[in-house]
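Start at 1 and go down the list; that is how both ligands and their atoms are numbered. Treat the numbers as computed from the prediction; the structure is a model and nothing was measured. Sequential numbering from 1 along the given sequence is applied to the chain's residues. Basis for what follows: all heavy atoms, side chains included, without hydrogens, waters or symmetry-related copies.
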Amino acid sequence: MTRQPDLIADVSEILLTEEEIQAKVRDLGRRISDDYAGRALTLVSVLKGSLPFMADLMRSITIPVQIDLMEVSSYGGTATETSGLVRILKDLSSSIDGRHVLIVEDIIDTGLTLNYLVRYLRGKNPASLRICALLDKPARRLVEIPIDYRGFLIPDQFVVGYGLDYGETYRNLRFVGVLRPEVYTADPD
Ligand code: 5GP
């Protein structure tokens, strides 16, 4: 029988509260606004996990920006592990040729997804390409990724909330929390 998720009970620990996240996003927005003043900036975010972060970050930025959205899926891994094989489900809508591009990512774990994305976007001739990641989980990094704007360093735990899912659920939590391991060991998706 399929287990019904319980958004609150399935989280064993709140790692980042809504207030901590919002304060950090405002701070990142201020820094990005200062650094990119006078430049043609495009924020590129990666669906679906980065959606709340992108929505909050863009509204914390006080200079003109364009936004674009990509959707990628990794395949060949498991529900909680990425494989590095990435498929583009939705590509950019507009050209980034000559624009300053900032990738807005929810979390960097092994770095394989972003490594692929950076190489892909570099091929589209942006004036510059940098990375803003809300969460950095360096314990399992397999490729070096220069993170220009980092929100929080987090330990090697599987987290959900503020866009991050397990089995497409938990994205609408306003905080970031640790998912009880029983949830994904008892019910492999
Ligand atoms: P990477 O390619 O860096 O290993 O992983 C990137 C993607 O894996 C993230 O965009 C996210 O979708 C997923 N991911 C990695 N760690 C976590 C985690 O702790 N929780 C959730 N929900 N997704 C994660």
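In summary, the atoms of ligand 1 found under 4.0 Å from a heavy atom of K137, numbered by their order in the structure, are 16 (N), 17 (C), 18 (C), 19 (O). Listed by number with element, the atoms of ligand 1 under 4.0 Å from a non-hydrogen atom of D165 are 21 (C), 22 (N). The distance from ligand 1 to the heavy atoms of Q157 drops below 4.0 Å at these ligand atoms: 19 (O). Taking every heavy atom of T113 and a limit of under 4.0 angstrom, the matching atoms of ligand 1 come to 1 (P), 2 (O), 5 (O), 6 (C).
Residues I88 and Y116 form a side-chain contact, since some pair of their non-hydrogen atoms from C-beta on lies under 4.5 Å apart.
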Practice task
Evaluate salt bridge (Lys or Arg N to Asp or Glu O under 4.0 Å) for D165 paired with R171, printing each intermediate quantity in order.
Solution key: CA-CA 5 Å; D165 75 311; R171 293 192 196 275; 3.5 Å; yes

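The shortest non-hydrogen separation linking E105 to L114 is CG-CD1, 3.5 Å. Y170 and L179 get closest at one heavy-atom pair: CZ-CD1, 3.8 Å.
Not a single heavy atom of Y166 sits less than 4.0 Å from an atom of ligand 1.
Between G111 and ligand 1, an N or O atom pair is found at a separation short of 3.5 Å.
Applying the salt bridge (charged side-chain N to carboxylate O under 4.0 Å, His left out) rule to R59 yields the partners D56; only residues at least two apart in sequence or on another chain are considered. Residues that satisfy the side chain to side chain donor-acceptor pair (under 3.5 Å) test with E71, not counting sequence neighbours, are absent from this structure.
Proximity of D106 to ligand 1, defined as any heavy-atom pair under 4.0 Å, is confined to the side chain (atoms from C-beta onward).
Counting heavy atoms only, V159 comes closest to atom 20 (N) of ligand 1 of the residues L114, I107, V159, T110.
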